[in-house]
Every structure is written in structure tokens, then in C-alpha cells.
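Chain letters run A, B, ... following the sequence lines, proteins first and then strands; every chain starts at 1.
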Protein chains: 2
Amino acid sequence: MVSFFNPTNYSYLTSLIGHMSGLSHLRATQLFTEELNGLELTPKQVIALEFIANNPTVSQKEIAAHIGTTPTVMVGVLDALAKRGLVERVRSAEDRRRHSVAVTPAGHDILPKIETAAKAVETRLMAESNLTSAEWDQLIVLMQKLTNREEKL
Amino acid sequence: MVSFFNPTNYSYLTSLIGHMSGLSHLRATQLFTEELNGLELTPKQVIALEFIANNPTVSQKEIAAHIGTTPTVMVGVLDALAKRGLVERVRSAEDRRRHSVAVTPAGHDILPKIETAAKAVETRLMAESNLTSAEWDQLIVLMQKLTNREEKL
DNA sequence: TATTGTTATACTCTATAACTATA
DNA sequence: TATAGTTATAGAGTATAACAATA
């Protein structure tokens, strides 16, 4: 294990996954907001849109579980996306409690812009960090293992 | 580079540092809140307290910069900590605009409890992930490089 | 009874602008 | 003029409880 506890000065913050992932997340979302460049989408809206595009007819509960939020949050996220015509909620015929959410043509139209922004973020993050390309790939793999997202999306 | 863009299904969410660090951060803070076990401290309060303990007489602006937040947020964080007698704000003699923040004896008293909680979080996170101990260490190092926190703090 | 989506509420944190006191 | 800390405000996201419609 990496040096973890230092009883003399308690200087172990940078060895905590929680703290370090918080710093990473903050910086990534800052850059992403910049790169979205007036697209006016929040990070959760973007993530939900991408997830739905790749998993059509998914339920709101399933979206929430997979992208790491709650059904409660999904209501607001989908309201915002639906209001702009990017997704559609359709009552499931088999189970009328369920909403089968789908991305509209308009929604599909902006996916490339989101990808461009995402790519720009990775480029900038890599440039301002001390990571090589190989280390970057390693980091992604390790984070996927940490969050049990190796195979799932 | 790891498979990044997949133009046919846009399934690249799990390759984004922003998304994966968000998932990591969420899970870590959930576990940490549990492990704090009624200590009633927010993540930022804990991080600030640990940072100040390790960097006495640091200014509020400096704390904010190092732990990844804003001076604005520091006001509320330090108000909460000061109210409970865990830190003290002292006007700097050289520059009377500055506050030299220091951890009180009471503050030092709870640092071990925080460490215990932090350690428990790491243990649980490791157990519920698919990471080996060596991979965990690697992950920490890579995150430090990503956020340029290799030497500082 | 249990589940899906929803509404409501409280809190943490981010972001921004403007203010004060000091320099 | 500039800086350290502060206040105020708006918005995003988390957490929890309760509700309606449906199973």
C-alpha cells in the first residue's frame, strides 16, 4: 500500500480516493462546461442523454442506477431534456408505470457536439496533467474497476 | 489510447475521466458519511480540518486553493468548524486582511476519529471494487498526477 | 402490498458579483 | 488600485419522505 497514514502530521489527504476523485471531478466538469460552449446542458443531462442514446427504451429508474443518481434527480434532468425536445417519455405498454425514454432526432443531432466537447476536455486535462497516454489509459481502467463499470456502461 | 469514441453507439461514458471520477467521488462520500457515524461533518469540513492541521497559519484563500474550492465556500466551512470550536481564525499581525487559521486542541482531538473513518472507507471501497492492493496504489498515484498533487499538500 | 415515477424539502457545493477593510 | 475575507444570490446535485398510478 502507498503511504497512507502519517500520524505525526495527518498529511494523507492526497492518498484518499474520495478527495482525489473529487478534485478530478471538479476540474473535469469545469472544463466540460467551458467546452460545451453555450450548449446549456448540465453534466447530468449530458450523461443521461448519452446513456439513453446507447440504451433506448430504458426506464428512468434504470438510467438513474447506471449513471449514479436517483430517480428523483432523473425527473428534473428528463424534464429539462424533454422541454428542449432532446428526449421523449413514452408509457410502456407492458407496464404502464414505466416510462420508456428515448432520444429524439433533435437529441441525436447534438450528440456529436457533446463528443467534441468531451474529447476537448480529455485533451486539455491530459495536457495540464503529468500523465502519459499510457498512464491515462491505465487510469481509466482502474477507475472502471473501482466503480464496477468494466463491462456495463 | 483506450477505445474512446464509438461513432455507432456513442458508448464512451465509462471512458470519460469526468464521469468515472464523479462515480468514484459519489460512492466515497456516501461511505464516508456513513463511517463518520454521527460526527456531523461535511466532506469539505473534514478536508479543510485535515489540511489546516497539517498546514498551520494557512490563510483562507490558500486553504481554498489547495483543497479545491473557493474562498467563498471557505467562509461557511470555517464558520461551521469554528462554531464547534474545532478551528480558530486569528488576524495576521503582518497583514491584517489575512486570517491565520489553526486547529484547536478540540479539533486535534477528533482527527483520529476522522482517520479511522477514512480508513474504513478505503477498506470498504477496496472490498466492493475489483482492485488489487497494487492497483489501488497505482490508482492513487495516477490521480495525484492528474490533479498535479504529487508533491504539494 | 410493492413498484415507477413524482412532488416537496433540506442541505452541500459551485459560480459569480459586489461589498469591507486593509494594503 | 489590488487583495483577503465576506455577503448575497442562483443553480446543480444529494438525500429523504411521502404521494398517485399501476402492478
Side-chain angles (χ1 to χ4, degrees), chain A residues 18-19 21-34 36 39-48 52 57-82 87-101, chain B residues 18-19 21-34 36 39-49 52 57-83 87-101:
Chain A
H19 182 48
S21 58
L23 291 177
S24 306
H25 185 233
L26 174 63
R27 187 63 187 138
T29 54
Q30 285 171 337
L31 293 177
F32 194 61
T33 302
E34 283 182 33
L36 275 182
L39 213 52
E40 298 288 340
L41 292 167
T42 69
K44 284 293 181 202
Q45 286 169 17
V46 169
I47 292 167
I52 299 161
T57 76
V58 72
S59 77
Q60 297 187 193
K61 188 185 178 184
E62 289 162 349
I63 302 168
H66 279 91
I67 72 174
T69 190
T70 61
T72 297
V73 169
M74 286 316 303
V75 176
V77 167
L78 293 179
D79 281 352
L81 291 174
V87 301
E88 244 181 359
R89 277 188 265 221
V90 182
R91 283 271 170 209
S92 165
E94 304 90 54
D95 183 343
R96 296 195 46 74
R97 292 172 303 181
R98 274 173 70 103
H99 281 156
S100 276
V101 186
Chain B
H19 182 47
S21 58
L23 291 177
S24 306
H25 185 234
L26 173 63
R27 188 63 189 139
T29 54
Q30 285 172 337
L31 293 177
F32 195 61
T33 302
E34 282 182 33
L36 275 182
L39 213 52
E40 297 287 340
L41 292 167
T42 68
K44 284 294 179 203
Q45 288 170 14
V46 169
I47 292 167
L49 187 63
I52 299 161
T57 77
V58 72
S59 77
Q60 298 187 193
K61 189 185 177 184
E62 289 161 351
I63 303 168
H66 280 91
I67 72 174
T69 189
T70 61
T72 297
V73 168
M74 286 316 302
V75 177
V77 167
L78 292 179
D79 282 352
L81 291 175
K83 196 172 188 176
V87 300
E88 245 181 356
R89 278 187 264 221
V90 181
R91 283 272 171 208
S92 165
E94 304 90 54
D95 182 344
R96 298 196 43 75
R97 292 171 304 182
R98 274 174 69 106
H99 281 157
S100 277
V101 186

Taking 4.0 Å as the cut-off, does a side-chain nitrogen or oxygen of Gln45(B) come that near to OP1 or OP2 on dC13(C)? no
With a 4.0 Å limit, can you tell me whether Arg89(B) has a side-chain N or O closer than that to the phosphate oxygens OP1/OP2 of dT6(D)? yes
With heavy-atom distances below 4.5 Å as the criterion, would you say the side chains of Val46(B) and Leu36(B) are in contact? yes
Can you tell me how far P of dT14(C) sits from CD of Glu34(A), to the nearest Å? 16 Å
Looking for any heavy atom pair under 4.0 Å, which part of the strands does Arg91(B) touch: base, sugar-phosphate only, or nothing? nothing
Nearest-nucleotide 5' precedence on DNA chain C, Arg96(B) against Arg98(A): Arg98(A)
Atom CZ of Phe32(B) and atom P of dT14(D) are separated, to the nearest Å, by 18 Å
Is there a side-chain contact between Val101(B) and Glu88(B), using heavy atoms and a 4.5 Å cut-off? no
Distance check needed: dA23(D) P versus His99(A) NE2, whole Å only. 12 Å
Separation of dA2(D) atom P from Lys61(B) atom NZ, nearest Å, is 13 Å
Residue pairs meeting salt bridge (Lys or Arg N to Asp or Glu O under 4.0 Å), one or both in residues 21-32 of chain A, sequence neighbours left out, come to Arg27(A)-Glu128(A)
Scanning both residues in full, the closest heavy-atom pair of Gly68(A) with Leu26(B) reads O-CD2, 3.2 Å
Minimum heavy-atom distance Ala64(A)-Pro71(A), with the two atoms named: CB-N, 3.6 Å
For Lys44(B) and dT14(D), what is the distance between atoms NZ and P respectively, to the nearest whole Å? 15 Å
Categorize Ser59(A) for me: base, sugar-phosphate, or nothing, with a 4.0 angstrom heavy-atom threshold over every strand shown. sugar-phosphate
Answer yes or no: is there a side-chain heavy-atom contact under 4.5 Å between Arg91(B) and His99(B)? yes
Separation of dG5(C) atom P from Glu62(A) atom CD, nearest Å, is 8 Å
Close residues, residues 68-79 of chain B, relative to DNA chain C [heavy-atom separation under 4.0 Å]: Gly68(B), Thr69(B), Thr72(B), Val73(B)
Which nucleotide sits closest to the side chain of Gln60(A): dA12(D), dG5(C), dA15(D)? dG5(C)
Between Ile63(A) (CD1) and dT4(C) (P), how many Å, whole number? 13 Å
Measure CZ/Arg97(A) against C1'/dT1(C) and give the value in whole Å, please. 11 Å
Over all atoms of both residues, closest heavy-atom pair of Gln45(A) and Ala80(A): NE2-CB, 3.4 Å
